[in-house]
Amino acid sequence: MDKTYQPHAIERSWYQTWEKKGYFKPSGQGDPYCIMIPPPNVTGSLHMGHGFNNAIMDSLIRYHRMKGHNTLWQPGCDHAGIATQMVVERQLGAQGVSRHDLGRDAFIDKIWEWKEQSGGTITNQIRRLGSSVDWSRERFTMDEGLSEAVKEAFVRLHKDGLIYRGKRLVNWDPALHTAISDLEVENVDDKGSLWHFRYPLADGAKTATGLDYLTVATTRPETMLGDSAVAVHPEDARYLGLVGQEVILPLVNRRIPIIADDYVDPAFGTGCVKITPAHDFNDYEVGKRHRLPLFNILDRDAAILARAEVFNIDGSVNSEVDASLPAAYAGLDRFVARKQIVTDFECLGLLEKIDDHALKVPMGDRSHAVIEPWLTDQWYVSAKELAKPAIKAVEDGEIQFVPKQYENMYFSWMRDIQDWCISRQLWWGHRIPAWYDASGQVYVGRDEAEVRREHSLGDEIVLRQDEDVLDTWFSSALWTFSTLDWPKDDNLLKTFHATDVLVTGFDIIFFWVARMIMMSMHFIKNDDGTPQVPFKHVYVHGLVRDSLGHKMSKSKGNVLDPLDLIDGITLDQLVEKRTANMMQPKLAAKIEKQTRNEFPQGIASYGTDALRFTFCSLASTGRDIKFDMGRIEGYRNFCNKIWNAARYVLMNAEQQDDQGNMIAAKDCGQQGGEIELTQADRWIVSRLQHTELQIDKAMSEFRFDQAAQQLFEFIWNEYCDWYLELSKPVLWDENASAAQLRGTRQTLVQVLETALRLAHPFMPFITEEIWQRVAPLAGISGATIMQQPYPQAEQSKINPQAEADIEWLKGAILGIRNIRGEMNISPAKHINVLFANGSSDDQARLNANRPSLIKMANLASATWLEAGTEAPLSATSLVGEMQVLVPMAGLIDKDAELGRLQKELDKLGKLIAQVEAKLSNPKFVDKAPEEVVAKERAKADEARSAAEKLQQQCDKIAAL
RNA sequence: AGGACUAUAGCUCAGUUGGUUAGAGCGCUACCUUGACAUGGUAGAGGUCCCCAGUUCGAAUCUGGGUAGUCCUACCA
């Protein structure tokens, strides 16, 4: 083995081997365990969030696979309608071609081309992350099978009355020319204005204060062209008499009524609200209540129409209204029209004032265009009914969120869920399985033939399929079962559904998690006919942020590619990567500066295992993680530590014990005929059992950080720091018996072999690489560590006596090292140490551990001082009652030792004061549980006795 | 506007049902190339657990109120 750990030398080849040999496929044996990968966008590339997500899922998958489960990790990608279409349109745009130039079919072909070309990026990244997904079951939401599932779901929901088509206000994205759902709208803070317009009263009417106009305040002047009323609060005394009368809408010269509605807040602005039902969601509701006509004044680009399209609120055309708009605005973009209209009001003397106003502007999450509420025909899923069982499943604990607080977020959204607009005016996606005849009558079916058959439509009737496609999230909502061959075959579905855990970020709980629950429970049934949940647990992890706590995003230029942490990247390459293809090239300079500042040396190569271990160690309670380069470097060092520990073990154990002398793993820790175990051997085996228990506990609670921590501490602080060192005096002892040597060698091997299995779910590559060399020494044959059983603690191997003995030994060594370190005694100096005032147990322990003690504390001698024998003047450390004495002569300065003792005494003094304060409080003694009081008493006694001994020592030295 | 979450060492974070001398990694200081490892070893320094009240024998932990930050949902024209 190389002297240092070189991750790139081992990772790729192991992954290829695993994949080629089919180790990622379900074993077909044991209880099923299944995770569905949250499908990344096919044309994107994985970022740190995916790396985090994958690290957790693969840890769970490998853990359960080793536990003997029939394990499936289902991979795949999402077609990501809008995002993907935008990417390809942008590419075409760079060549001066629009999608309309190509036409629908050719454009879709282009997207497929791009998907073929870029889809490999993600699968390569998933492989590099070591994710043990079953590639043979890889799915894409636009695959034929999944497309069938989408059609099936649509048709059935429609039959069940849960999908309908309707003309309503939707969030219209004027840049992308499509409707989007509420969730795809981001409300962004903006500083705007509140314009106060005067609307003259008709027919000479006057307000209570004698004015001949009403003043309305608006943030969107241009929509006044579509006003169909002015509303006041029904109890607003100022305007009571005017309700039912009319105002003349300026510029348009339309008479519109003054209505009374609770919606109006009399305290805000003037208490008069212009009502534009076709361009505002609240006004739409008001309009519905008052049966007002809707004046649609905008086209799909959000430019002003020449003539308003007029509908009543029920969608019928209102022929009584003259709907022509002032010609001056026709064709103007809404923001241009806004300026013009304000100017025109001013000219008419009808602009009262302009106030600054903070508001939220709705923006499309993809296009960042200002969203326009717009009246169109769209398809909707009616969500209320679907939500009911989905809410109940979480209430009943059939689905559990981890951490639990996310359940509240889920409930609050689900209990107030709105219908879901699922149609999109895009080309890339699942075409809606609906057909129209010449009169506009709509028919829903799996295909045209079915529609004709079911509705007895002859060939003479021309049918035209709906041009629209479905929201990407519609197909994603079916992911847990559409990937398992639904609706064609329920074999896999019966085995792996409900899946075990969904691992995801909180940002898509509404988009995806909630909808998966609704869809699964509608379509999939348990054996007893009850609705089946898609997964039993939802593990919600936080976002990965940069070192400053900022969200990573391309436009900020602070994204990290997990592969760059694995392989490393030079500074120049990183800058190049972050500033290439910028939407706003101006930012490039800033990003470059920031990057050069944060990574002056570029990024070193840390390897997959270190990256994964870092993610696991940071995965605590669902909170966001600030990615800290110090952590990954530390865990790369941890890998190196494991690597070198293995080198040491192999160096000592290879070609030493043939198979005949091998003890079976299960006997490790027991005294055998040809094997003699030291207390250190029993100790490390005992500590290993504790570690196994704690890791199991952590995994059952999704506490990957604790599992990682346990592993780290066991391997580094116990196995490497102590056990390996304790093995040296045995292995290097010329007088050691063959049985003792075997005992230690085999404990070294077996604990290492077990620890590798323990660590494998978190660091798959290094554990496999080393295990291949170590397993044969442990008498284990097997092709891969992946298929070995996960270590399980055995109560019989927990050995409190051995643990106490080694704790004693550690205490003595630490005491001596402390004196050595504090007193600046050269590490090269072999010193003589005396042990005094101890029990017979102490004496026995000294005798049993003398060689270890001498080696690890670098002593010349360790001598038991018989009672009554005068000790030379010494620096002192205590192990319980026993004194460990380092004679000062020629080594230690008197004042230095006094200083050191005083420091100890100060510490003890504080402790004693603290504990005695408690104990002298009668309320504490009376009320606290007895064992707590007893513990405090013992603590006080121990501290007092120690202080007393150290004080004596102090006095003795001071007296010189 | 409502809600959630966060605040612990210089930095990144653990800290279970209230009882720990409040921990880890990184960084820092000193010493050390000793036959697994300098991607290392040994020893050490470093904390008013955001603030204020309360409950309790006892609070980093529970309650209330602040402060600061992050986020979600809804939204007043």
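We name chains A, B, ... by the order of the sequence lines, and we start the count at 1 in each one. Source: prediction; values computed, not measured.
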**Report entry** Position toward the 5' end of RNA chain B (nearest nucleotide), A:Gln914 or A:Lys360
**Finding:** A:Gln914
Report summary line: Assign each of A:Leu724 and A:Glu936 the nucleotide of RNA chain B bearing its closest heavy atom; nearer the 5' end lies the nucleotide of A:Glu936
Query raised in the report: How would nucleotides 40-45 of chain B be written as a contact map, 5' to 3', with B for base contact, S for sugar-phosphate-only contact and - for no contact, using protein heavy atoms under 4.0 Å?
Result: SSSSSS
Taking atom [atom1] in both [N] and [M], compute the distance separating them and give it to the nearest angstrom.
N     : M     : atom1 : answer
B:U17 : B:G58 : C1'   : 16 Å
B:G65 : B:U70 : P     : 22 Å
B:U63 : B:G18 : C1'   : 13 Å
B:C13 : B:U6  : C1'   : 13 Å
B:U39 : B:U33 : C1'   : 15 Å
B:A22 : B:G46 : P     : 13 Å
B:G15 : B:C57 : C1'   : 24 Å
B:U12 : B:U20 : P     : 28 Å

Could you check which of [options] has an atom nearest any side-chain atom of [X]?
X        : options             : value
A:Lys918 : B:U20, B:U39, B:U12 : B:U20
A:Trp732 : B:A77, B:A36, B:A74 : B:A36
A:Arg647 : B:A36, B:C57, B:A24 : B:A36
A:Val264 : B:U21, B:A77, B:C57 : B:A77
A:Gln6   : B:G19, B:A77, B:U39 : B:U39

Within the 4.0 Å heavy-atom criterion, would you say [X] contacts the bases, only the backbone, or no part of the nucleic acid?
X        : answer
A:Ser412 : nothing
A:Asn187 : base
A:Val216 : nothing
A:Lys910 : nothing
A:His279 : nothing
A:Lys551 : nothing
A:Arg703 : sugar-phosphate
A:Tyr406 : nothing
A:Arg545 : sugar-phosphate
A:Gln709 : sugar-phosphate
A:Cys639 : nothing
A:Pro929 : base

Under a 4.0 Å threshold between the charged nitrogen and the carboxylate oxygen, would [Y] count as salt-bridged to [X]?
X        : Y        : value
A:Arg944 : A:Asp941 : yes
A:Lys360 : A:Asp190 : no
A:Glu372 : A:Arg220 : yes

Query raised in the report: Looking only at N and O atoms, is any donor in the side chain of A:Glu725 or the base of B:A36 less than 3.5 Å from an acceptor on the other one?
Result: yes
Requested in this report: Taking the side chain as every heavy atom from C-beta outward, state whether A:Trp413 and A:Asn408 have any atom pair closer than 4.5 Å.
Outcome: no
**Report entry** Side-chain touch A:Arg515/A:Leu183, heavy atoms, less than 4.5 angstrom
**Finding:** yes
Reckon [X] has a side-chain N or O less than 4.0 Å from the OP1 or OP2 of [N]?
X        : N     : value
A:Lys927 : B:C57 : yes
A:Arg631 : B:G27 : no
A:Lys626 : B:U12 : yes
A:Lys855 : B:U34 : no
A:Lys3   : B:A38 : yes
A:Ser620 : B:A14 : yes
A:His550 : B:U70 : no

Requested in this report: Find out whether the Lys NZ or Arg CZ of A:Arg415 is both under 6.0 angstrom from the six-membered ring centre of A:Phe411 and within 45° of the ring's axis.
Outcome: yes
**Report entry** Main-chain N/O of A:Ile766 paired with A:Asp609 side-chain donor or acceptor, under 3.5 Å
**Finding:** yes
**Report entry** Side-chain donor/acceptor of A:Arg820 to backbone N/O of A:Gly815, under 3.5 Å
**Finding:** no
Requested in this report: Using the six-membered ring wherever Trp is involved, compare the ring planes of A:Tyr406 and A:Phe506 and label them parallel, tilted or perpendicular (cut-offs 30° and 60°).
Outcome: parallel
Requested in this report: Report the relative orientation of the aromatic rings in A:Trp716 and A:Phe712; use parallel for angles under 30°, tilted for 30 to 60°, perpendicular for over 60°.
Outcome: tilted
